[in-house]
Protein chains: 2
Amino acid sequence: MEEILSIKETKSCPILYVLAINDTLNVISGKWKLPILGSILFGKNRFTEIQRNISKITPRMLSKELKELELNGIVVRKVYDTTPVSVEYELTTSGKNIVEVLDKMVEWGLSHREFVMDSK
Amino acid sequence: MEEILSIKETKSCPILYVLAINDTLNVISGKWKLPILGSILFGKNRFTEIQRNISKITPRMLSKELKELELNGIVVRKVYDTTPVSVEYELTTSGKNIVEVLDKMVEWGLSHREFVMDSK
DNA sequence: CCGGATCCGACAGGATACTG
DNA sequence: CAGTATCCTGTCGGATCCGG
């Protein structure tokens, strides 16, 4: 059976380490990725719902970002044959799991604020 | 005594949640932040050392990024009065702790690769 | 050795209008 | 409703040269 690369093995190989980080960054960086993920997590998963939920995003941007997220395996696009058609975007397993990363980021972000405060 | 905002409290306030995430993103996103942090973690902490360690970065960019990292409380700049002057950049406590976030990102990145593989 | 100053191109993202 | 098509602007980062 093939071994999955553990995080410890990865640390000894900086190239893979950086590669994995960039994979993650591609999913959450940019102006709109996070608000979109947030909207879908919040239960808003139709195109126009997401657009209304995120103030000021244009359909062009929303379309482009959703396409990227789909290509990266973060969301799945489901078309329902109603009239007019309705489309729903849902998070994949990976898409849901990224919340763990976000939580770590929040944790660091908050403690960093404390750190900066204290050092003044 | 004042309470530190815990992560659980933050989750009920999406605005702070997103704010903290953006704080974190500002430290690690962009083309050079990660390589620079990596170099310093690796023990390369003088200007020209970092520049040599990171192939293809121009002094302009390195200077600009280091200045941002210093302003954000991630590194400290120490000037030694030698001739010619030598400068060393060191990670703050917060700067060291961000490795925890990076580890989580590696973890997710790797498992996401597995997820994408399996679904084909 | 450690940068600052200037100029420049590429690409992310915005504005607006239109369609199946 | 769920997007496309065009055009446009601003910011990121590169190239090159200069100075304490």
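Letters A, B, ... mirror the listed sequences (proteins, then strands); counts begin at 1. Everything numeric in this text was worked out from a predicted model, so none of it was measured.
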remark   = Sorted by chain and number, sequence neighbours left out, side chain to side chain donor-acceptor pair (under 3.5 Å) with Asn53(B) holds for Ser39(B)
query = Using a distance-only test with no angle check, is there a side-chain donor-acceptor pair under 3.5 angstrom linking Tyr17(A) and Asp103(B)?
reply = yes
key: Same apolar cluster (I L V M F W Y, side chains within < 4.5 Å links), Phe115(B)/Ile74(A)   = no
request  = Please answer: with hydrophobic residues joined when any side-chain heavy atoms are less than 4.5 Å apart, are Phe42(A) and Val87(A) in the same cluster?
outcome  = no
inquiry  = Checking salt bridge (Lys or Arg N to Asp or Glu O under 4.0 Å) between Lys78(B) and each of Glu88(B), Glu70(B), Glu90(B), which is the one that passes?
reply    =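 Testing Lys78(B) for a salt bridge (Lys or Arg N to Asp or Glu O under 4.0 Å) against Glu88(B), Glu70(B), Glu90(B) leaves exactly one candidate, Glu90(B).
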query = So does Glu68(B) pair up with Lys33(B), basic N to acidic O under 4.0 Å?
reply =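 Lys33(B) and Glu68(B): salt-bridged.
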message = Please determine whether a side-chain nitrogen of the Lys or Arg among Lys104(B) and Glu107(B) lies less than 4.0 Å from a carboxylate oxygen of the Asp or Glu.
response = yes
Under 4.0 Å protein heavy-atom contacts per nucleotide of nucleotides 2-7 of chain D, with B for base, S for backbone only and - for none = SBBBB-
message = Whole angstroms only, please: what is the CE-P distance between Met61(B) and dT11(D)?
response = 15 Å
task = Please state how far atom CG in Leu34(B) lies from atom P in dG13(D), giving the value in whole angstrom units.
result = 13 Å
Separation of Ile50(B) CD1 from Glu65(B) CD (nearest 0.5 Å) =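 One gets 11.5 Å once the value is rounded to the nearest 0.5 Å.
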query = Which nucleotide span of DNA chain C, 5' end to 3' end, has atoms closer than 4.0 Å to non-hydrogen atoms of chain A?
reply = dG13(C) to dA15(C)
